[in-house]
Amino acid sequence: MSDPAEFVPKSDFLRIMRERGFIHQCTDMEALDAAALAGPVTTYVGYDATADSLHIGHLISIMMLRWLQKTGHKPIVLMGGGTTKVGDPTDKDQQRPLLSDETIAANIASIRQTFAKFLTFGEGPTCAIMGNNAEWLEKLGYVEFLREYGVHFTVNRMLSFDSVKLRLEREQPLSFLEFNYMLMQATDFLELHRRYGCVLQMGGSDQWGNIVNGVELVRRVAQKAAFGLTTPLLTTSSGQKMGKSVGGAVWLNADKLSPYDYWQMWRNTEDADVGRFLKLFTDLPLDEIARLEALRDAEINEAKKILANEATTLLHGAEAAATAAGAAKAAFEEGRLSADLPTHETPRAELEAGVPLATLAADAGLASSRSEARRLAQGGGLRLNDAPESDGQRMITLADCNSEGLIKLAAGRKKIVLVKPV
RNA sequence: GGGGGAAUGUCCCGAGCGGCAAAGGGGGCGGACUGUAAAUCCGCUGGCGUACGCCUUCGUAGGUUCGAGUCCUACUUCCCCCA
């Protein structure tokens, strides 16, 4: 492994990856750079189908694939229909519940649409293609698997990888099922190499061990050079793991996190992270980013808006981004309502009878339960039409509608929902 | 094979003489301060109910007891010691 910090790549792809902060580790920067100069490098990233949407943690690798394609190489998006059935032990203390075939299939169907927004799929030489490792993993017989692939791995070595080592050190059980995960991922790489000439696997830094195993398997079995490249863990400057938004994970599917909330998440980036995130999550040129991150104090808010606009445009489209920006501007800068704010519809009949504030707030998604909404109100965090309302029991009726026939509820300064009688 | 320990509020770590919705951190959320930032200070942090209240939680399954996270039995997983 060469130190990626010292080598200066000549290929467009690696140069850009370096400049923009995508690279954490690489199995062999110099050789990979040479390969990228020589012609299209077919590259894959794997995504397990553990949920019905990808989240922001996946976005770095998607952006990498995007740059890869832009610089003349071929991306493969591999859905982990097979590996999801086994479960990656990385960074987990416990095996997650095994997902059913139906759930996995549904998750894949729900996830795949995201990639079309960032990559161009098709038949061309640098067009992205999508695969599913269930296609080959599920056909493997046990003895065949052991003889064909198992011989190339030593348990000694497997125990040395963090995903396994940490679990053992933390005294958490690691089932034999999960222990096999890295072998399955390694066979993916080999299979993709055989089918498409894939020679590079990328992923998050936590995937290093899994990736290295695949690289070695390709080298050993196919006698071909193969490479691995990982990205740094996505964290914020102050806190830790990034990936929180208005109460929960930052999902990429619009039905799990609205474009408005997605825009807000970026808008609320910490000052210290603005430059880094612009480089990772937008296509803006570096000199423009340098100008933006040099802004200080209140002015850096402009950079955050650009970050939010750009990132939201990539995922949800320019229109959705503009709508989100407009709603935010109206609500936060001009103090007026916008119909584009998140809206919760409540049957008119219920409001005629009266609904307790806490109930309405919980239903509207401002709190996860009525109790929480009540506590929120008592703590002064719940506002009804901009006025703090500490009584969660207070009955809300149509009389609370403003001139536009809406009721504005807010939890804290940033979570706003318009209740609309229907 | 034998002996001794450990699993706690479904985010994490962690205290817990038989009366416990369960100490304390971290995290998260809210308030103040700000720039929809960070830092700092303060509050909240199982669910349901307008309310005296009710319900569900301490690895799993049983048992003792008016009453069990706390005692007993079996099981699961992990650690340590002796073989």
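Nothing here was measured: the structure is a model prediction, and the numbers come from that model.
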Between C29(B), G49(B), G47(B), spot the one nearest the side chain of K415(A), thanks.
-> C29(B)
Length of the CZ-P vector between R276(A) and A37(B), whole Å = 18 Å
Chi-angle category of C78(B) [syn within 90° of 0, anti beyond] | anti
Could you tell me whether a side-chain N or O of E404(A) sits under 3.5 Å from a main-chain N or O of L406(A), the two making a donor and an acceptor?
-> no
Short side-chain N/O contact from K414(A) to OP1 or OP2 of A37(B), under 4.0 Å = yes
Does the pair T323(A) and D340(A) meet the rule for a side-chain hydrogen bond (donor to acceptor under 3.5 Å, both in side chains), with working shown?
-> CA-CA 7 Å; T323(A) 301; D340(A) 292 323; 5.0 Å; no
Could you state the atom-to-atom distance from CD of E389(A) to C1' of G31(B) in whole Å?
-> 16 Å
Both distances under 3.5 Å, Watson-Crick or G-U wobble: report the partner of A15(B), or none.
-> none
Not counting sequence neighbours, which residues clear side-chain hydrogen bond (donor to acceptor under 3.5 Å, both in side chains) with S110(A)? List them please.
-> N253(A)
Atom CD of E270(A) and atom C1' of U40(B): how far apart are they, to the nearest Å?
-> 15 Å
Watson-Crick or G-U counterpart of A51(B), or none if no pair lies under 3.5 Å | none
Whole angstrom is fine here: how far is it from CG in L366(A) over to P in C29(B)?
-> 14 Å
Value in whole Å for how far the P atom of U36(B) lies from CD1 of I300(A) | 14 Å
Return the nucleotide paired to U40(B): Watson-Crick means purine N1 to pyrimidine N3 with N6-O4 or O6-N4, wobble means G-U with N1-O2 and O6-N3, both under 3.5 Å.
-> A32(B)
When the C1' atoms of G16(B) and G24(B) are considered, how many whole Å apart are they?
-> 11 Å
Rounded distance in Å between the P positions of U57(B) and G46(B) | 16 Å
How far, in whole Å, is C29(B) from A39(B) if one measures between their P atoms?
-> 12 Å
On a whole-Å scale, what distance lies between the P atoms belonging to G67(B) and A32(B)?
-> 50 Å
Could you state the CG-P distance from N268(A) to G30(B), rounded to the nearest angstrom?
-> 11 Å
Is any side-chain N or O of S369(A) closer than 4.0 Å to OP1 or OP2 of G46(B)?
-> no
What's the CZ-P distance between R413(A) and G35(B), to the nearest Å?
-> 13 Å
C54(B) versus A21(B) - spacing of their C1' atoms, nearest Å = 13 Å
Let me know the distance between CD of E372(A) and P of G46(B), rounded to the nearest Å.
-> 10 Å
How far, in whole Å, is A7(B) from C58(B) if one measures between their P atoms?
-> 14 Å
Under a 3.5 Å limit on both distances, the Watson-Crick or wobble mate of G62(B) is C72(B)
Can a side chain N or O of R296(A) be found less than 4.0 Å away from OP1 or OP2 on A37(B)?
-> no
So which nucleotide does U57(B) pair with, by the Watson-Crick or G-U wobble rule with both distances under 3.5 Å?
-> none
Measure from NZ or CZ of K70(A) to the centre of the six-membered ring of W67(A), then state whether that distance is under 6.0 Å and the direction lies within 45° of the axis.
-> yes
What about E333(A), does its side chain sit under 3.5 Å from the base of U36(B) through a donor-acceptor pair?
-> no
Of S368(A) and A328(A), whose closest RNA chain B nucleotide lies nearer the 5' terminus?
-> A328(A)
What interatomic distance, in whole Å, is found between C1' of U73(B) and the corresponding atom of C66(B)?
-> 23 Å
Taking atom P in both U60(B) and U10(B), what distance in whole Å separates the two?
-> 13 Å
Which one is paired to C78(B), where only Watson-Crick or G-U wobble pairs with both distances under 3.5 angstrom count?
-> G5(B)
In this structure, are over 12 heavy atoms from other groups packed under 6.0 Å from K117(A) atom NZ?
-> yes
In terms of heavy-atom contacts, does CD of E319(A) have more than 12 from other residues, nucleotides or ligands at under 6.0 Å?
-> no
Check whether any side-chain nitrogen or oxygen of R374(A) sits under 4.0 Å from OP1 or OP2 of G49(B), and answer yes or no.
-> yes
Interatomic spacing from NE2 in H316(A) to CG in L252(A) - rounded to 0.5 Å | 7.0 Å
Can a side chain N or O of R375(A) be found less than 4.0 Å away from OP1 or OP2 on G47(B)?
-> yes
More 5' along RNA chain B: L382(A) or K304(A), using each one's nearest nucleotide?
-> L382(A)
